[in-house]
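Input: a single structure, listed below in structure tokens.
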Protein chains: 2
Amino acid sequence: MNVHEAIQCLKKNGFKQTDKREDMLQLFADSDKYLTAKDVFDQLKEYYPGLSFDTIYRNLALFENMGILEMTELSGEKHFRFTCAGHQHHHHFICLECGKTKEIDSCPMDGLMENLKGYDISGHKFEIYGRCPNCVE
Amino acid sequence: MNVHEAIQCLKKNGFKQTDKREDMLQLFADSDKYLTAKDVFDQLKEYYPGLSFDTIYRNLALFENMGILEMTELSGEKHFRFTCAGHQHHHHFICLECGKTKEIDSCPMDGLMENLKGYDISGHKFEIYGRCPNCVE
DNA sequence: ACGTTAAATCGGAATGATTCTTAAAATTAA
DNA sequence: TTAATTTTAAGAATCATTCCGATTTAACGT
Ligand SMILES: [Mn+2]
Ligand SMILES: [Mn+2]
Ligand SMILES: [Zn+2]
Ligand SMILES: [Zn+2]
């Protein structure tokens with residue numbers, strides 16, 4: 001998924017193409033990082049002086065609903081990143097300093113379902129936290 | 001860890017034994033569930049009509065600092081449960097309806113460290129979400 | 001190009017969980 | 001009994017997020 005595909009996805013579902021949406025998506029496309037609403041706001045604010053937080057939150061929620069962004073909650077804040085696509089289900093190491101991620105290709109759910117008969121599984125979360133080599137120096 | 005041990009842990013560190021602390025701990029000891037501050041408040045409120053939210057939050061934070069409770073954040077709210085001890089590191093299935101947990105004895109970090117050379121790993125989270133057999137009916 | 005309309009944005013107010021304050025009253029540990 | 005800690009009270013503050021009414025804009029048909 002890239003910015004262009006994301007925009008097409010929006011239009012296909014009756015949502016409008018706006019400069020702010022494009023710029024928000026471009027931010028994520030460029031970064032491979034988990035960003036908070038504030039991160040996004042701060043970066044777009046330079047180009048859109050009158051920017052409202054509502055616009056950020058509304059669009060982040062929209063993008064998440066559309067499957068364009070994926071979200072995780074870290075220390076009480078929602079963090080978003082471009083949805084990983086193109087290969088199989090996987091998980092992430094997340095740098096708590098810069099938000100950068102590294103893919104973990106295995107999924108701990110593999111071979112675990114037989115232990116959970118009778119349970120209705122709606123989701124799972126596997127994340128590794130720390131500092132990436134860059135942030136370690 | 002049980003209520004008695006938790007109380008000893010508190011006293012050893014200069015904190016006092018109070019009825020409310022005992023009752024809070026007993027709630028967790030009895031339930032094997034993740035509870036929110038509100039859950040705890042609502043249950044204790046019956047016995048302590050003048051109970052303050054401040055007391056709940058203060059003691060939950062204290063218990064967490066002491067390692068008596070463990071915490072996870074689910075949809076923006078802190079959830080606490082009695083710290084699992086007595087056997088090796090493990091993870092949990094968490095029922096999103098009633099908070100009940102089931103132990104998952106494997107850890108997805110096993111054999112994963114060689115993929116993360118150069119990373120400084122400070123933690124990880126593996127949780128499975130859904131409905132427990134009781135809540136499925 | 002123009003008008004219509006639904007969608008998007010803005011600015012600010014509201015929300016909800018949590019934390020913090022200060023002072024007085026209650027409880028605990030010695 | 002005394003001193004230290006805990007709790008209450010009542011509230012204010014914080015912070016991320018959501019909601020609202022008014023205004024602007026993108027998309028579509030003419
Ligand atoms: Mn990925
Ligand atoms: Mn356990
Ligand atoms: Zn980093
Ligand atoms: Zn359940």
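What you see below is based on every heavy atom in this structure, not just the backbone, and it leaves out hydrogens, waters and symmetry mates. Naming convention: chains lettered A, B, ... in sequence-line order (proteins, then strands); numbering from 1 in each chain.
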Base, backbone or nothing for each nucleotide of nucleotides 10-25 of chain D, written B, S, -, heavy atoms under 4.0 angstrom, 5' to 3'?
-> ------SBBBB-----

Value in whole Å for how far the C1' atom of D/dT6 lies from CG of B/Asp23 = 15 Å

5' precedence on DNA chain C between B/Asp19 and A/Lys20 (nearest-nucleotide basis) | A/Lys20

Just how far, in rounded Å, is P of D/dT7 from NZ of B/Lys45?
-> 15 Å

Does the B/Glu127 side chain pair with the main chain of A/His124, one donor and one acceptor, at a distance under 3.5 Å?
-> no

Would you classify B/Asn59 as touching base, sugar-phosphate or nothing, given that sugar-phosphate means primed atoms plus P, OP1 and OP2, and contacts are heavy atoms under 4.0 Å?
-> sugar-phosphate

When you check the side-chain N and O atoms of B/Lys33 and B/Thr101, is any donor under 3.5 Å from an acceptor?
-> no

Taking atom C1' of D/dA27 as reference, at what distance in whole Å does atom CG of A/Asn13 sit?
-> 16 Å

Whole angstrom is fine here: how far is it from CG in A/Leu51 over to C1' in C/dA8?
-> 12 Å

Looking across every strand, which nucleic acid part, if any, lies under 4.0 Å from B/Arg58 by heavy atom: base, sugar-phosphate, or nothing?
-> base

Nearest-Å distance for atom pair CZ/C1', residues A/Phe15 and C/dT5 | 16 Å

Below 4.5 Å, heavy atoms only, C-beta onward: do B/Phe126 and B/Ile128 meet side chain to side chain?
-> yes

Taking CG from B/Leu62 and P from C/dT19, how many angstroms apart are they, rounded to a whole number?
-> 13 Å

Closest heavy-atom contact between B/His91 and B/Cys107?
-> NE2-SG, 3.5 Å

Hey, is the side chain of B/Thr18 poking within less than 4.0 Å of OP1 or OP2 on D/dT5, counting only N and O atoms?
-> no

Nearest-Å distance for atom pair CG/P, residues A/Asn65 and C/dA8 = 13 Å

For B/Phe82 and B/Val3, the nearest pair of non-hydrogen atoms, with its separation, is CZ-N, 4.0 Å

Would you say the ring centroid of B/Phe93 lies under 6.0 angstrom from that of A/Tyr119?
-> yes

